[in-house]
Chemist: 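Just dropping this structure here.
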2 protein chains.
Amino acid sequence: MRIGDLAKATGVDIETIRYYEKAGLLPEPGREANGYRTYRQEHLERLAFIRHCRALDMPLESIRRLLDFVAHPEAECGDINRLIDAQLARVQARLNSLRALESQLVALRAQCGENHSAQECGILHELVAAAHGEACACHSTD
Amino acid sequence: MRIGDLAKATGVDIETIRYYEKAGLLPEPGREANGYRTYRQEHLERLAFIRHCRALDMPLESIRRLLDFVAHPEAECGDINRLIDAQLARVQARLNSLRALESQLVALRAQCGENHSAQECGILHELVAAAHGEACACHSTD
DNA sequence: CTTGACCCCGGAGCGGCTCCAGGGTTTCCA
DNA sequence: TGGAAACCCTGGAGCCGCTCCGGGGTCAAG
Ligand SMILES: [Zn+2]
Ligand SMILES: [Zn+2]
Ligand SMILES: [Zn+2]
Ligand SMILES: [Zn+2]
């Protein structure tokens with residue numbers, strides 16, 4: 001399998017595959033006489049694993065550590081839990097802030113109905129007022 | 001007001017303030033004889049405006065355009081609406097994917113209860129299985 | 001013999017900061 | 001008066017996870 005085949009099989013961009021190799025996530029592939037990379041089934045599985053973890057938004061460093069566990073199956077799995085927990089915590093924190101953000105944006109959007117000049121625009125007014133600190137907790141000074 | 005005072009007053013890092021200046025978001029401050037930047041009330045307000053928009057997760061480019069409206073209050077406000085709408089759409093898209101992500105992570109986390117070796121760990125098993133494509137839509141090949 | 005598809009490499013660019021080295025200035029206290 | 005601490009300056013590199021670029025080599029079909 002050449003890199004283009006692997007890319008097609010997994011839906012991962014060629015450049016990204018090379019990047020994962022440089023980053024030490026994907027083991028070095030074999031080389032044809034002309035220098036082209038050649039991959040085997042294990043590379044495909046490894047790459048799918050990486051993409052699955054990336055789809056869970058894990059940083060590459062976490063994936064690296066998970067791959068260590070795959071390579072050393074006798075190790076205790078406590079760190080795996082902690083890793084997932086940390087990831088979940090990140091996601092939930094981001095969810096919370098995005099939810100707050102969404103309602104702020106919805107409220108903001110409601111300030112402008114019809115087309116008019118910027119100086120009469122409720123959105124701009126609200127943004128300026130909030131920046132002055134009136135009823136604005138989001139960019140707190142603490 | 002020197003840069004440190006502005007930083008303290010707004011809770012924004014000094015380096016970030018200088019970065020905003022370089023990025024053309026904050027107007028060039030005055031300078032003391034020794035080259036130190038000096039800021040006035042308008043800078044403080046401007047910076048607060050920027051931070052408020054950043055708290056709404058707007059990209060700097062959008063903020064630049066909002067600032068253009070502040071500077072040209074006679075312009076039509078239609079673009080302001082579109083800007084907020086686009087931002088809201090981004091946030092909602094991210095919310096949706098994060099919600100899916102959260103439930104996946106929760107399900108994943110449930111696969112491991114007690115401490116054991118990595119090869120028996122349900123989390124690792126699930127990750128590997130999902131990477132193989134069994135019941136996994138997240139890293140689709142299309 | 002050329003066209004096009006594929007592959008190689010090293011390096012730059014993205015956003016939004018953050019940090020660093022290497023310097024100058026000011027302020028405070030002994 | 002001296003010296004340390006706290007502040008300020010600049011330009012440039014580093015972070016993440018790619019993505020794109022230039023400049024080249026390789027190989028099969030028409
Ligand atoms: Zn997947
Ligand atoms: Zn309006
Ligand atoms: Zn705010
Ligand atoms: Zn386990």
Side-chain angles (χ1 to χ4, degrees), chain A residues 1-26 28-39 43 46-47 49-67 83 86-87 90-91 94 97 101 138-139, chain B residues 1-26 28-39 43 46-47 49-67 83 86-87 90-91 94 97 101 138-139:
Chain A
M1 216 180 352
R2 310 230 270 221
I3 198 169
D5 304 321
L6 181 60
K8 224 162 280 170
T10 56
V12 179
D13 193 287
I14 289 182
E15 309 262 22
T16 306
I17 295 175
R18 286 199 280 249
Y19 172 76
Y20 287 158
E21 179 184 334
K22 241 188 285 180
L25 285 168
L26 214 46
E28 295 210 354
R31 295 283 180 157
E32 293 176 21
N34 55 18
Y36 289 11
R37 289 170 177 81
T38 48
Y39 296 93
H43 292 102
R46 181 91 164 229
L47 182 53
F49 181 90
I50 295 170
R51 290 309 276 189
H52 184 71
C53 293
R54 285 294 300 135
L56 294 174
D57 219 14
M58 289 187 204
L60 297 190
E61 175 55 31
S62 300
I63 302 176
R64 236 186 302 267
R65 291 205 271 139
L66 282 180
L67 287 169
L83 216 143
Q87 176 62 14
R90 268 197 300 276
V91 167
R94 189 84 185 113
S97 80
L101 229 155
C138 68
H139 64 284
Chain B
M1 218 182 348
R2 309 232 268 224
I3 199 170
D5 304 322
L6 181 59
K8 224 162 282 170
T10 57
V12 179
D13 193 287
I14 289 182
E15 310 261 22
T16 305
I17 296 175
R18 286 198 282 247
Y19 172 76
Y20 287 157
E21 180 184 335
K22 242 188 283 181
L25 286 168
L26 215 46
E28 296 210 353
R31 296 279 180 159
E32 293 177 19
N34 54 20
Y36 289 11
R37 290 169 175 81
T38 48
Y39 297 93
H43 291 102
R46 182 91 163 231
L47 183 52
F49 181 90
I50 295 169
R51 289 309 277 189
H52 184 71
C53 294
R54 286 293 300 135
L56 295 173
D57 219 15
M58 289 187 204
L60 297 190
E61 175 55 31
S62 300
I63 302 176
R64 237 185 301 266
R65 291 205 272 139
L66 283 180
L67 287 170
L83 218 143
Q87 176 65 14
R90 268 197 300 276
V91 167
R94 189 84 184 114
S97 78
L101 229 156
C138 69
H139 64 284

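To find a chain, count down the sequence lines: A is the first, B the second, and so on, and within it residues start at 1.
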Chemist: Just compare dT10(D), dC8(D), dT26(C) and give me whichever is closest to any side-chain atom of Ile14(B).
Modeler: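 For Ile14(B), the side-chain atoms sit closest to dC8(D).
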
Chemist: Take atom CG of Asn34(B) and atom P of dC8(D), then tell me their distance rounded to the nearest Å.
Modeler: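 Asn34(B) atom CG is separated from dC8(D) atom P by 10 Å.
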
Chemist: Closest approach to the side chain of Tyr36(A), judged atom by atom: which nucleotide of dC6(C), dC8(D), dT26(C) is it?
Modeler: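 The answer is dC6(C), which lies nearest to the side chain.
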
Chemist: Between N or O atoms, less than 3.5 Å apart, protein on one side and nucleotides 15-19 of chain C on the other: list the pairs.
Modeler:
{"residue": "dG16(C)", "atom": "OP2", "partner": "Leu60(B)", "partner atom": "N", "Å": "3.3"}
{"residue": "dC17(C)", "atom": "OP2", "partner": "Tyr20(B)", "partner atom": "OH", "Å": "2.8"}
{"residue": "dC17(C)", "atom": "OP2", "partner": "Arg54(B)", "partner atom": "NE", "Å": "2.9"}
{"residue": "dT18(C)", "atom": "OP2", "partner": "Thr16(B)", "partner atom": "OG1", "Å": "3.4"}
{"residue": "dC19(C)", "atom": "N4", "partner": "Glu15(B)", "partner atom": "OE1", "Å": "3.2"}

Chemist: Heavy atoms, side chains only, cut-off 4.5 Å: are Glu21(A) and Arg37(A) in contact?
Modeler: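 When only atoms from C-beta onward are counted, Arg37(A) and Glu21(A) do touch, with a gap below 4.5 Å.
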
Chemist: May I ask you to check whether over 12 heavy atoms, not counting those of Glu61(A), lie within 6.0 Å of atom CD?
Modeler: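 Enclosed.
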
Chemist: Looking at every heavy atom in both Leu26(B) and Ile50(B), which two are closest together, and how far apart are they?
Modeler: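 Of all heavy-atom pairs spanning Leu26(B) and Ile50(B), the closest is CD1-CD1, 4.0 Å.
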
Chemist: Using 0.5 Å steps for rounding, measure from the CG atom of Leu25(B) to the OH atom of Tyr19(B).
Modeler: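 So the gap between those two atoms works out to 8.0 Å.
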
Chemist: dC8(D) P sits how many Å from Tyr39(B) OH, rounded?
Modeler: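 In whole Å, dC8(D) P and Tyr39(B) OH are 10 Å from each other.
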
Chemist: With respect to the phosphate group of dC8(C), does any side-chain polar atom (N or O) of Arg37(A) fall under 4.0 Å of OP1 or OP2?
Modeler: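 For Arg37(A), the contact criterion (side-chain N or O under 4.0 Å from OP1 or OP2 of dC8(C)) is met.
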
Chemist: Which of these nucleotides, dC9(D), dG25(D), dC9(C), is closest to any side-chain atom of Arg31(A)?
Modeler: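 Ranking dC9(D), dG25(D), dC9(C) by closest atom to the Arg31(A) side chain puts dC9(C) first.
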
Chemist: Would you find a donor on one side and an acceptor on the other, under 3.5 Å apart, between the side chain of Arg54(B) and the backbone of Met58(B)?
Modeler: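 Answer holds: yes.
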
Chemist: If I take atom CZ in residue Arg18(B) and atom C1' in nucleotide dC7(D), what distance separates them, rounded to the nearest angstrom?
Modeler: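 Atom CZ in Arg18(B) sits about 10 Å away from atom C1' in dC7(D).
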
Chemist: To the nearest Å, how far apart are Asp5(A) CG and dC27(D) P?
Modeler: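 Rounded to whole Å, this separation is 16 Å.
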
Chemist: Taking Asp57(A)'s backbone N and O only, do any of them form a donor-acceptor pair with Gln87(A)'s side chain (distance below 3.5 Å, no angle check)?
Modeler: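 Flag set: sc Gln87(A) to bb Asp57(A) pair under 3.5 Å.
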
Chemist: Output the rounded distance in Å from CD1 (Ile63(A)) to C1' (dC18(D)).
Modeler: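 It is 13 Å, rounded to the nearest whole Å.
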
Chemist: For the pair Arg18(B) (side chain) and Ile3(B) (backbone), establish whether a donor and an acceptor sit closer than 3.5 Å, ignoring hydrogens and angles.
Modeler: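 Pair absent, no side-chain N/O of Arg18(B) close to backbone of Ile3(B).
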
Chemist: What integer distance in Å separates Glu32(B):CD from dT26(C):P?
Modeler: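 Glu32(B) atom CD is separated from dT26(C) atom P by 8 Å.
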
Chemist: Between C1' on dC18(D) and CG on Leu47(A), what's the gap in Å once rounded to a whole number?
Modeler: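 Taking atom C1' of dC18(D) as the reference, CG of Leu47(A) is at 14 Å.
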
Chemist: Atom CD1 of Ile17(A) and atom P of dT19(D): how far apart are they, to the nearest Å?
Modeler: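 So the CD1-P distance, Ile17(A) to dT19(D), works out to 12 Å.
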
